[in-house]
J.: 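My structure is below; once you've seen it, I'll send some questions.
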Number of protein chains: 2
Amino acid sequence: MTSSAAHDVSFLRLTSLPMLLEREIESMILDGRLSEGGRINENQLAATFGVSRGPVREALRSLEALGLVELLPNRGVFIRSLDIAQVVEMYGVRAALFGYAAQLLATRAEPDVIARLRALLDEMGEAAQAHDFDRYYPLNFAFHDFIVERAGNGVLTAQYRGLVKQLRLYRAGNLMTGNTLELSNEEHARIVAAIEGRDAASAYQTSFDHVERGKERLLARSASAGRAEEQSA
Amino acid sequence: MTSSAAHDVSFLRLTSLPMLLEREIESMILDGRLSEGGRINENQLAATFGVSRGPVREALRSLEALGLVELLPNRGVFIRSLDIAQVVEMYGVRAALFGYAAQLLATRAEPDVIARLRALLDEMGEAAQAHDFDRYYPLNFAFHDFIVERAGNGVLTAQYRGLVKQLRLYRAGNLMTGNTLELSNEEHARIVAAIEGRDAASAYQTSFDHVERGKERLLARSASAGRAEEQSA
DNA sequence: CAACATTAAATTGTTGACACTTTGAACGAG
DNA sequence: CTCGTTCAAAGTGTCAACAATTTAATGTTG
């Protein structure tokens, strides 16, 4: 064998067919490329990838544990569909995790972190003023993810991202209307201020509240949508 | 579409061979019945259960996603081994989740919940005074799990329990020494008081701190153990 | 005898076949 | 026409065999 010594590098295969399939199927689900009624057909899936069903089934088991699909014995695999109650619960947990991330970050708050947060804040501000949701959305995502990532807790990052991933299953439009963008970014500003001020308690609270308010907005929209549905029925 | 109706009976098979194997292998891992160097042999496992390797592999994929085993392509499956740094991260996330649970519970705080918490508190008090760790431990577990369960957020409960399950991989003795039990139970008392007083903020803080203090104790023990190891080397 | 190449054994990876269950369409009785 | 039964088609569940890779054991050379 070739080099090793210092850092036993592991040129070893880093991926495998089931892992590859898992990633691919996951993106098919999240991109909505697969939701023909929510059912996933093993044969068909295996055929499109040109592999046998074994590795596909293994990938689906992983996706089940990640909360992206549901496995009903003898019935098949279904893309998990979230009802509003579950989404609300997820938002709560996400609020707690995000709050904790901000709290941790506040105890460090290195200059480059602050700078990056301020930059994102400014960009979001511009997008918000322009009511440009398509520009705001990825910045908003980056802002949250950056705080979590830089909190420096890998377990936290994994849990948070897993939750956000599951949340993507809930397609009801994340559309914020009009000045909601500006309100949202004001909350961001408070978060950054708390982190910059090394105020851990405030960082937690403002961040927690920020996600909770997102939940409220979602609930409000869901309620009115529910009423509309009832009327049309 | 997913069910609704009053009770969509589902006499449908609720379990499957891979799910069964998953549960069984999981308990084998957590009970330490399987750790011959951390390696898991598919053939051997399949033979002991009298099944083929297919279902076993599927079960192992699930366990990987749950964070109980590691899958190295072409190398095999290994029982996940946690280093102290990972455990510390997990404690942090657990603190955040547990704090959130207490916070939620404080906003409800129904009489039967308070009664149950007080009962557990008393029992733990007795066990603590008697320095009876074997009696204290399951009560302590029940106390925490009860708070999480009754917080009424299923996603939170699942995440919390998943984390606690992973934490069991870290065998370094959860032995609390001497009066640590009494100190721990004083913290429990503060938590119950906050919940009973419907003080959500205090419930969060006391609960978060309680788990964090557990982390500190762990770290302290780990540090001294590290020194001992160094000396003996 | 230490380090390297070679080869055999063990283990994982993938497949195609077959058994079992569910689904739904055709059929027949009331 | 509705309800229940029967039967074929489709899909999932499991297996055993084979391919590919890793691991170890053996032999070889400087």
J.: Side chains of A:F49 and A:L20: closer than 4.5 Å at any heavy-atom pair?
T.: no
J.: Pick one: which of B:Y91, B:Y204, B:F208, B:Y100 meets ring-ring contact (aromatic ring centres under 6.0 Å, His included) with A:Y100?
T.: B:F208
J.: If you measure from the Lys or Arg side-chain nitrogens to the Asp or Glu carboxylate oxygens, is any gap between B:R53 and B:E58 under 4.0 Å?
T.: no
J.: Give me the bend of the helix from C:dC1-D:dG30 to C:dG30-D:dC1, using the axes of the five pairs at each end, rounded to 10°.
T.: 10°
J.: Is the closest side-chain heavy-atom distance between A:V211 and A:K215 below 4.5 Å?
T.: no
J.: Under 4.5 Å between any side-chain heavy atoms of A:I191 and A:I147, yes or no?
T.: yes
J.: Between B:L45 (CG) and D:dT14 (P), how many Å, whole number?
T.: 15 Å
J.: What one-letter contact string describes nucleotides 7-14 of chain C from 5' to 3', where B marks a base within less than 4.0 Å of any protein heavy atom, S marks contact via sugar-phosphate atoms alone, and - marks no contact?
T.: ----SBBB
J.: Below 4.0 angstrom, N of the basic side chain to O of the carboxylate: do B:R150 and B:D112 qualify?
T.: yes
J.: Indicate yes or no: does B:R33 engage B:E24 in a salt bridge with an N to O separation below 4.0 Å.
T.: yes
J.: Would you say the side chain of A:M19 lies within less than 4.5 Å of the side chain of B:R61, judging by non-hydrogen atoms?
T.: yes
